[in-house]
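Structure first, then comments.
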Amino acid sequence: MENTHWPRKEFARQLREVGGRAYHHTHPFHVRMNEGRLDVEAVRGWIANRFYYQRNIPIKDAAILSNCPIREVRRAWLHRITDHDGRQGDDGGIEAWLKLGEAAGLSRDELLDERHIQPGVRFAVDAYVNSPEPNPGRLPWRPR
């Protein structure tokens, strides 16, 4: 089997095409949510499970940074951690998700203790967090 790659412009075109038809905003659940057709429990479930993903993004990003030998790349990526975790005088995105949960009737404890997380969501998020390749020979910023 021959391994061929699209040229950069074709790859970007293909990626945009898939994103246009298959990105999360087109999923039937999100369509119903955005149209206001979900009951409160479904919205709370979405918030709790999405929060689990959001609170794990900076953990994933830190793992990526810990394997990156290129200073400029680390500097460019660092804002992703502080966007979620916040910094002095800025609570960050995780705090915003906690406030959203509270506004929807979920306590902070309910979100932080993960009692509402669906097993499939936990599996997917945990796999996402644990996927940074620890083998330096396979990292994308290192030549092969």
### Query
Say you draw a straight line from NE2 of His84 to CG of Asp61; how long is it, rounded to the nearest 0.5 Å?
7.5 Å
#### Entry: Ser66 versus Ala63, closest heavy-atom pair with distance
OG-O, 2.7 Å
### Query
Taking the side chain as C-beta and beyond, is there a heavy-atom pair between His5 and Glu10 under 4.5 Å?
no
### NZ/NE/NH1/NH2 to OD/OE distance under 4.0 Å, Arg122 and Glu114
yes
### Query
Above 12 or not: heavy atoms from other molecules or residues under 6.0 Å from CZ of Phe123?
no
### Query
Can you tell me how far the CG atom of Asn49 sits from the CD atom of Gln118, to the nearest 0.5 Å?
5.5 Å
### Message
Do Ile94 and Tyr53 land in one hydrophobic cluster if side-chain heavy atoms of ILVMFWY residues count as linked below 4.5 Å?
### Response
no
### Query
Name the one of Asn56, Ile64, Ile57 that satisfies side-chain contact (heavy atoms from CB on, under 4.5 Å) with Lys60?
Ile64
#### Entry: Ile59-Leu112 co-clustered via ILVMFWY side chain contacts under 4.5 Å
no
### Task
Start with the C-alpha gap between Leu98 and Asp91, add the side-chain angles, then the distance that decides, and say whether side-chain contact (heavy atoms from CB on, under 4.5 Å) holds.
CA-CA 11 Å; Leu98 288 166; Asp91 289 336; over 6 Å; no
### Message
Is there a salt bridge (Lys or Arg N to Asp or Glu O under 4.0 Å) between Glu17 and Arg13? Walk through the geometry before answering.
### Response
CA-CA 6 Å; Glu17 190 274 324; Arg13 187 192 72 72; 6.0 Å; no
### Query
How many angstroms lie between atom NE2 of His25 and atom CG of Asn34, to the nearest 0.5 angstrom?
9.5 Å
### Message
Within this structure, what is the CG-CZ distance for the pair Asp109 and Arg115, rounded to the nearest 0.5 Å?
### Response
6.5 Å
### Query
What heavy-atom pair brings Leu65 and Arg74 nearest, and what distance separates the two atoms?
CD2-CA, 3.4 Å
#### Entry: side-chain contact (heavy atoms from CB on, under 4.5 Å) evaluation trace for Tyr52 with Asp126
CA-CA 10 Å; Tyr52 183 69; Asp126 292 354; 2.4 Å; yes
### Message
For the CZ atom on Arg71, are there more than 12 heavy atoms of other groups (residues, nucleotides or ligands in this structure) within a distance under 6.0 Å?
### Response
no
### SG on Cys68 to CG on Leu78, rounded to 0.5 Å
11.5 Å
#### Entry: Sequence neighbours excluded, every pair satisfying ring pair (Phe, Tyr, Trp, His ring centres under 6.0 Å) that has a member inside residues 97-121
Trp46-Trp97
### Message
Check the orientation of His30 and His24. Use parallel for under 30°, tilted for 30 to 60°, and perpendicular for over 60°.
### Response
perpendicular
### Message
Give me the atom names and distance for the closest heavy-atom approach of Asp85 to Pro58.
### Response
OD1-CG, 3.4 Å
### Query
What heavy-atom pair brings Thr26 and Val31 nearest, and what distance separates the two atoms?
O-CG2, 3.9 Å
### Query
Stepwise, does the side-chain contact (heavy atoms from CB on, under 4.5 Å) test hold for Phe51 with Ile117?
CA-CA 9 Å; Phe51 174 74; Ile117 307 306; over 6 Å; no
### Query
With the threshold set at 4.0 Å, does a side-chain nitrogen-carboxylate oxygen contact exist between Glu41 and Arg44?
yes
### Query
Do Leu111 and Val121 belong together in a cluster built from hydrophobic side chains that touch within less than 4.5 Å?
no
### Query
To the nearest 0.5 Å, how far apart are CD1 in Ile47 and CD in Glu110?
11.0 Å
### Task
Tell me, yes or no, whether the heavy-atom count around Arg8 atom CZ, taken from other residues, nucleotides or ligands under 6.0 Å, exceeds 12.
no
